[in-house]
Structures are given as structure tokens and as C-alpha cells.
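These notes concern the structure reproduced below.
Below, chain A is the first sequence line, B the second, and so on; all start at residue 1. Since this is a predicted model, take the numbers as computed values, not measurements.
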Amino acid sequence: MLQIKYIRDNKQEVVDRLKIKNFDAAQLIDDLLNADEIRRSAQKQLDDTLAVSKQLSKEIGQFFKTGQKDKAEEARNKSTELKAKAKDLEQQMSEAEKDVEKILLEIPNLPHPSVPTGKADTDNEITYEEGELPNLVDGKLPHWELTDKYQIIDFDLGSKVSGAGFPFYRGKGARLQRALINFFLDEAINNGYLEYQPPLMVNEASGYGTGQLPDKEGQMYHATEDNLYLIPTAEVPITNIYRNTIQKEEDFPIKNVAYSNCFRREAGSYGKDVRGLNRLHQFDKVEIVQIQSPEKSYDTLEEMKDYIANLLRKLELPFRILRLCGGDISFASALTFDFEVYSAAQERWLEVSSVSNFESFQANRMMLRYRDKDGKTQLAHTLNGSALALPRIVAALLENNQTAEGIKIPKALIPYTGFDIIN
RNA sequence: GGAGAGAUGGCAGAGUGGUUGAAUGCGGCGGUCUUGAAAACCGUUGACCGUUCGCGCGGUCCGGGGGUUCGAAUCCCUCUCUCUCCGCCA
């Protein structure tokens with residue numbers, strides 16, 4: 001959520017910058033500032049009324065103490081009048097406040113100046129590419145056939161027991177999952193991240209805090225009986241740890257890592273995108289989250305990018321980095337880089353990580369602040385990134401490393417898997 | 001699931017209708033003292049909104065929401081959470 005003060009002072013700039021996100025904010029912002037004006041004028045009147053009424057109440061107390069009953073009665077009547085007026089003003093104010101809040105929740109974060117214009121993912125800017133694309137012999141199989149061949153992931157069984165998008169991992173497939181999770185966690189810990197195991201269900205306030213609600217309501221599984229949401233990413237519980245807190249600047253950067261299952265309804269997805277491991281309703285992900293001061297948050301974003309690149313390097317996967325264009329970047333993000341690995345049998349790039357700086361957008365929603373050097377409280381910046389999401393990593397590992405003898409495990413993983421080939 | 005108790009400032013802990021944003025202690029910050037430090041002493045110490053160029057001024061906030069009252073941390077309703085006992089249970 002953008003800060004109302006900023007919009008007030010930089011109306012045109014906000015409208016212009018949101019155009020990069022293909023978001024026409026002009027009307028919305030007029031409505032917003034209008035509601036804001038109503039709110040402020042109502043508050044001014046309300047405050048003045050309350051000030052008088054408060055004073056009166058004190059006097060009434062005094063009158064009663066000193067036995068001046070008549071004066072007390074008189075003041076009491078006057079106060080009753082004021083009270084009615086205050087109630088009315090309060091109503092006005094809270095309605096205008098709701099309008100302001102509602103509109104603010106609909107306005108996306110401002111894109112960073114480096115975000116390229118564009119409508120769709122085809123307009124994303126490839127900023128970096130590394131690794132040789134594997135040149136496989138004929139007879140290469142897509143991962144969903146390899147998983148069958150070696151009986152390491154069973155999609156049909158998942159469909160039977162749960163539904164599409166809920167696979168069973170078995171044997172070496174299950175161990176590979178476990179190995180990747182441990183590998184990613186160990187790497188993060190060695191890079192100064194603190195490990196958390198978060199709850200997998202969160203309340204409504206947390207959903208709003210990180211911005212999944214209200215705009216992505218339909219993407220989360222919702223347990224209506226208890227009004228809890230299954231998390232779509234560990235970002236939600238981990239970032240919400242800091243909801244309504246004031247941090248110390250000297251504690252920055254706060255670096256957290258969490259492995260979790262992630263649950264996504266993926267309503268509206270279809271076709272080759274959902275084949276095999278490409279898109280699941282439940283998957284595993286290790287997520288890194290950082291809280292940082294505004295001055296340093298973009299350095300932190302670079303550091304996180306380097307960290308993720310290094311993971312992919314260790315897994316010996318060819319990858320590229322994309323700077324997301326205005327049309328593809330998420331609602332809450334100011335700047336996002338996607339990491340894609342090349343999956344050799346599908347012959348396509350698969351997104352395995354997304355690392356973003358949300359600046360103060362999430363922080364403002366959840367009141368995550370810090371005390372700066374001058375002792376002033378201000379909004380912190382939040383960042384997060386996948387490090388990494390498992391399914392597509394597994395897809396690429398299987399496809400790229402298939403040989404006549406079986407699927408070879410990259411060196412860095414062998415200590416974790418305990419085997420060097422799946423056959 | 002049943003019965004009971006509770007939720008106050010960074011922490012601990014008073015406060016049951018009238019200058020209570022809130023005693024007191026600890027912690028934090030500033031100062032005196034000291035070569036330095038500790039101790040001691042003195043002072044200071046919340047967040048948010050509005051208003052102001054600024055000093056400041058006004059308002060709101062004692063778990064969340066609603067109500068009673070001229071006036072509520074204090075009374076009532078409701079929700080959430082915590083604790084104790086019973087039941088169930090990985």
C-alpha cells in the first residue's frame with residue numbers, strides 16, 4: 001500500500017509511474033484524494049468538538065465536587081448536544097477513512113525506474129544468461145516420462161488421492177526432494193540467514209499484510225470454518241512476523257529463510273504449463289526474506305540475486321535472469337527479477353525463482369517500521385526471493401541430466417542424496 | 001469439547017467511573033560525579049492521525065470490535081488470544 005502522504009504530494013508522478021504497470025490510476029487517485037480531503041476536514045471538526053466536550057466533562061466533575069449542581073446540569077446538557085454532533089462527525093470520518101483505505105488497497109506499488117515497459121512476459125528483459133544448453137541425444141524424455149520410467153514421482157496416484165497437481169514423490173524421488181530442501185537450507189544458513197519453520201496456515205490479517213488479500217483471494221485455499229488460509233509461499237508467515245513492530249536499524253538486514261509447502265489454487269491455468277511438475281497445487285519451496293533500510297534495500301536485492309545465481313551454478317543448471325516488465329511484475333513489487341532454468345527435453349525455460357524488492361509497500365500495509373539514527377520511526381523495506389522452488393528444479397535436473405544409464409545427480413547434491421544416479 | 005482465570009507502556013507491575021497517556025520498579029537515553037568505568041544522584045523516555053514553515057497545539061489509543069455515561073483502563077456485550085483444571089489425542 002502506498003503512503004497517502006506521498007500520493008498527496010506527488011499525484012502526477014504516481015499516475016505517470018503506474019502507467020508503466022499498465023495501470024490507469026488517474027480516476028482512482030482523484031477519488032482517493034477527494035475522500036482524503038473529506039476525511040481530514042471531518043477529523044478537524046471532530047477533534048475540535050471533542051476538545052470542547054472533554055473540557056466540559058472535566059468541568060462537570062469539578063462542579064459536582066464543589067456542589068454547584070445547577071452549573072453541572074447546564075454543562076451536562078451542552079455536552080449531550082456536542083456528543084450527538086461528534087457521533088455524526090465520527091460517522092463521516094470513518095466512512096471517508098474506509099473509502100481511502102479501500103482505494104489505497106487497489107493501487108499497486110510504484111515500479112522502480114529501471115522497470116521496462118511491456119505488456120506480457122514476452123516483454124521481460126533478459127539481463128543475464130549463464131551455462132551451456134545441454135545437447136541431448138535423440139530419445140530424450142520430458143520429466144513426466146522420466147518420473148514414470150524410474151518410478152520416482154506418481155501423478156496418477158496423487159490424482160486418485162487428492163486431485164491433479166498433488167503428486168506423490170517416492171523412493172529416490174522423495175529423497176531427491178529432501179536433499180534439495182536440506183541443500184537450500186544449509187546454503188542459506190551459511191550465508192547468514194536464520195531458519196524458521198512457519199505455520200502453513202495464516203489468518204486474514206497476515207494475508208492482507210503481504211498483499212495476497214484482497215486482490216489474490218481466489219488464489220489461496222481458504223478454510224472458511226476457521227477463516228484460515230493455506231500459505232501460497234513462506235513469505236506470508238515470515239514477513240508477517242514483523243507486522244506491527246518497530247525494529248532497530250542496527251539489526252538490519254534481518255535475514256530469514258524458511259522451507260515450507262506452498263499451496264496454490266492456480267485457478268485458470270491450463271495446457272502445457274501445468275504438465276508434470278510445471279505447475280502444482282502443492283509444492284515445496286525454500287524462501288529467503290530480508291528486512292532492510294530504504295537506503296540499502298537495492299544493494300540487498302543485488303546480494304539476493306547473486307545468492308540465487310550461485311545456487312543454480314552449484315546445481316549445474318543453465319539459467320538466465322529476467323528483469324520483469326511493467327506488465328508482468330506483481331502488484332506489490334517495485335522491482336522483480338525472475339530466474340529461469342533451461343529444461344532440455346521440454347526445450348523451454350522454467351521460472352524457478354522470483355526475487356523482489358517491495359520497498360515500503362508491504363511495510364506500510366503491516367506497519368513494519370524501524371527507528372532510524374535520528375530516532376524517527378519510518379517504514380522499512382521488505383524483500384524476498386525463492387531459493388529455490390523445487391518442482392521445476394527437479395524437472396530440469398531430470399531432463400538435463402538424463403543419460404542411457406540413468407539420471408545423474410549434480411556433485412553438490414550427492415552428499416545430500418546419498419546416491420549419484422537415479423536408475 | 002467442558003469449567004474457571006486473565007490480557008495495562010520495551011519488560012515487570014499498580015490502578016474498579018472524574019486533570020490517568022496512565023503510579024512504582026527495571027531497562028533505554030541525557031547529565032552530575034570520575035583519569036575512565038561502575039555505583040550513586042538528577043532529568044528524560046510510547047505510537048498514530050490532524051494542524052503548523054517551525055516551536056507548538058488538538059485528537060485517538062490500556063488485546064480487537066461494539067455499547068452505557070456529561071465523563072471509562074475502570075461498567076455491559078462480543079470476538080481473539082493466553083493460563084489453570086477436566087476430557088480427547090500425534
Side-chain angles (χ1 to χ4, degrees), chain A residues 1-9 32-105 197-209 213 222-229 237 240-252 254 261 360 363-380:
Chain A
M1 178 163 87
L2 296 176
Q3 290 177 270
I4 181 77
K5 271 184 193 155
Y6 189 85
I7 300 177
R8 241 185 248 150
D9 298 340
L32 174 75
L33 294 180
N34 190 35
D36 179 50
E37 195 55 50
I38 293 171
R39 199 210 100 228
R40 283 190 292 162
S41 116
Q43 184 180 343
K44 183 88 181 66
Q45 293 177 61
L46 175 64
D47 286 357
D48 292 347
T49 308
L50 286 177
V52 176
S53 137
K54 246 176 105 167
Q55 188 54 40
L56 268 177
S57 289
K58 277 178 194 167
E59 285 170 17
I60 291 169
Q62 286 306 312
F63 287 145
F64 274 126
K65 266 186 190 162
T66 54
Q68 297 172 271
K69 265 210 149 170
D70 295 351
K71 284 194 172 177
E73 274 312 316
E74 194 185 319
R76 190 193 283 194
N77 289 336
K78 202 169 164 193
S79 185
T80 308
E81 263 174 56
L82 285 176
K83 191 199 165 190
K85 190 178 165 193
K87 197 160 190 178
D88 205 50
L89 287 166
E90 209 176 317
Q91 181 78 14
Q92 275 182 42
M93 187 176 101
S94 80
E95 261 170 37
E97 205 163 21
K98 267 182 211 153
D99 291 344
V100 168
E101 185 78 1
K102 183 177 171 287
I103 297 171
L104 277 177
L105 285 173
Q197 278 194 31
L200 302 181
M201 300 185 99
V202 294
N203 58 27
E204 215 174 350
S206 295
Y208 275 94
L213 294 174
H222 187 192
T224 52
E225 187 82 7
D226 301 290
N227 201 22
L228 292 171
Y229 293 86
N240 273 286
I241 291 171
Y242 304 96
R243 175 153 44 85
N244 284 320
T245 64
I246 299 176
Q247 302 297 317
K248 297 186 199 131
E249 183 163 13
E250 58 260 37
D251 291 340
F252 288 163
I254 294 172
N261 296 115
S360 60
N364 190 36
R365 270 197 196 195
M366 67 172 86
M367 290 294 274
L368 195 189
R369 291 158 298 161
Y370 73 99
R371 212 175 291 285
D372 66 18
K373 293 168 197 88
D374 304 328
K376 267 180 57 186
T377 57
Q378 53 172 303
L379 295 172

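A:Arg243 is linked by a side-chain contact (heavy atoms from CB on, under 4.5 Å) to A:Asn203, A:Ala205, A:Ser206, A:Asn240, A:Met366, counting only residues two or more places apart in sequence or in another chain. Every residue two or more places apart in sequence or in another chain that forms a ring-ring contact (aromatic ring centres under 6.0 Å, His included) with A:Phe252 is listed here: A:Tyr370. By the ring-ring contact (aromatic ring centres under 6.0 Å, His included) test, A:Tyr242 is found to be paired with no residue, residues two or more places apart in sequence or in another chain being considered. For A:Asp372, the side-chain hydrogen bond (donor to acceptor under 3.5 Å, both in side chains) partners are A:Gln378, not counting sequence neighbours. Every residue two or more places apart in sequence or in another chain was checked for a salt bridge (charged side-chain N to carboxylate O under 4.0 Å, His left out) with A:Glu204, and none qualifies. When the salt bridge (charged side-chain N to carboxylate O under 4.0 Å, His left out) test is applied to A:Arg39, the partners found at least two apart in sequence or on another chain are A:Asp36.
Figure legend. B:rG43 is base-paired to B:rC29; pairs are counted as Watson-Crick or G-U wobble with both atom distances under 3.5 Å. Figure legend. B:rG17 is base-paired to no nucleotide; pairs are counted as Watson-Crick or G-U wobble with both atom distances under 3.5 Å. The partner of B:rA90 is absent, by the rule that a Watson-Crick or G-U pair needs both atom distances under 3.5 Å. Nucleotide B:rG58 forms a Watson-Crick or G-U wobble pair with B:rC49, both donor-acceptor distances falling under 3.5 Å. With both pairing distances under 3.5 Å, B:rA5 is matched to B:rU82 as a Watson-Crick or G-U wobble pair. Checking B:rU74 for Watson-Crick or G-U wobble geometry (two distances, each under 3.5 Å) identifies no partner in any strand. Searching all strands for a Watson-Crick or G-U wobble partner of B:rA38 with both distances below 3.5 Å returns nothing.
Among the atoms of the strands shown, only primed sugar atoms or phosphate atoms (P, OP1, OP2) are found under 4.0 Å from some heavy atom of A:Lys5. Nucleic acid contact for A:Ser57: base, since at least one base atom lies under 4.0 Å from a heavy atom of the residue.
More than 12 heavy atoms of other shown residues, nucleotides or ligands fall within 6.0 angstrom of atom CD in A:Glu250. The environment of CD in A:Glu74 is sparse: at most 12 heavy-atom neighbours from other residues, nucleotides or ligands sit within 6.0 Å.
B:rC79 and B:rC26 have their C1' atoms separated by 34 Å, given to the nearest Å. Nucleotides B:rG71 and B:rG13 have their C1' atoms positioned 27 Å apart, rounded to a whole Å. Atom C1' of B:rG31 sits at a distance of 43 Å from the matching atom of B:rC81, rounded to the whole Å. On the P atoms, B:rU16 is 28 Å away from B:rU82, given to the nearest whole Å. Taking the C1' atoms as reference points, B:rC62 lies 14 Å from B:rA23, given to the whole Å. B:rG59 and B:rA72 have their P atoms separated by 13 Å, given to the nearest Å. Rounded to a whole angstrom, the distance from the P atom of B:rA39 to that of B:rG28 is 9 Å.
Between the CD atom of A:Gln3 and the P atom of B:rC48 there is a distance of 11 Å, rounded to whole Å. What separates CD of A:Glu81 from P of B:rG71 is a distance of 13 Å, to the nearest Å. Between the CE atom of A:Met93 and the P atom of B:rC49 there is a distance of 12 Å, given to the nearest Å. Rounded to an integer number of Å, the gap from CD1 of A:Ile4 to P of B:rC49 is 11 Å. Going from atom CD of A:Glu204 over to atom P of B:rG65 covers 15 Å, rounded to whole Å. In this structure, A:Arg243 atom CZ and B:rG63 atom P are separated by 18 Å, rounded to whole Å. Atom pair A:Glu37:CD and B:rC49:P shows a separation of 17 Å (rounding to whole Å applied). Distance CD (A:Gln91) to C1' (B:rG66): 13 Å, rounded to an integer number of Å.
For the pair A:Leu32 and A:Leu104, the minimum side-chain heavy-atom distance is below 4.5 Å. Put simply, the side chain of A:Leu368 does not reach to within 4.5 Å of the side chain of A:Leu379, judged on heavy atoms. Counting heavy atoms from C-beta on, the side chains of A:Asn227 and A:His222 come closer than 4.5 Å.
What you find for A:Pro199 and A:Pro237 is that their closest heavy atoms are O-CG, 3.7 Å. A:Arg365 and A:Tyr208 get closest at one heavy-atom pair: CD-O, 3.0 Å.
Among residues at least two apart or in separate chains, there is no salt bridge (Lys or Arg N to Asp or Glu O under 4.0 Å) pair with a member in residues 80-96 of chain A.
Nearer to the 5' terminus of RNA chain B, by closest-nucleotide assignment, is the contact made by A:Asp36 (compared with the other of A:Lys83 and A:Asp36).
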Can you check nucleotides 43-47 of chain B for protein contacts, nitrogen or oxygen pairs under 3.5 Å, and list what you find?
residue, atom, partner, partner atom, Å
B:rA47, OP1, A:Arg371, NH1, 3.1
B:rA47, O3', A:Arg369, NH1, 2.8

So which protein N/O to nucleotides 79-81 of chain B N/O distances come out below 3.5 Å?
none

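Shown for residues 45-54 of chain A: residues whose heavy atoms fall under 4.0 angstrom of RNA chain B, namely A:Asp47, A:Leu50, A:Ala51, A:Lys54.
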Could you list the donor-acceptor pairs under 3.5 angstrom formed by side chains in residues 48-59 of chain A, with sequence neighbours left out?
residue, atom, partner, partner atom, Å
A:Asp48, OD2, A:Lys44, NZ, 3.4
A:Thr49, OG1, A:Gln45, O, 2.7
A:Ser57, OG, A:Ser53, O, 3.2

For this session: Summarise how protein sits on nucleotides 51-57 of chain B as a single string, 5' to 3': B when a protein heavy atom is under 4.0 Å from the base, S for sugar-phosphate-only contact, - for no contact.
Result: S------
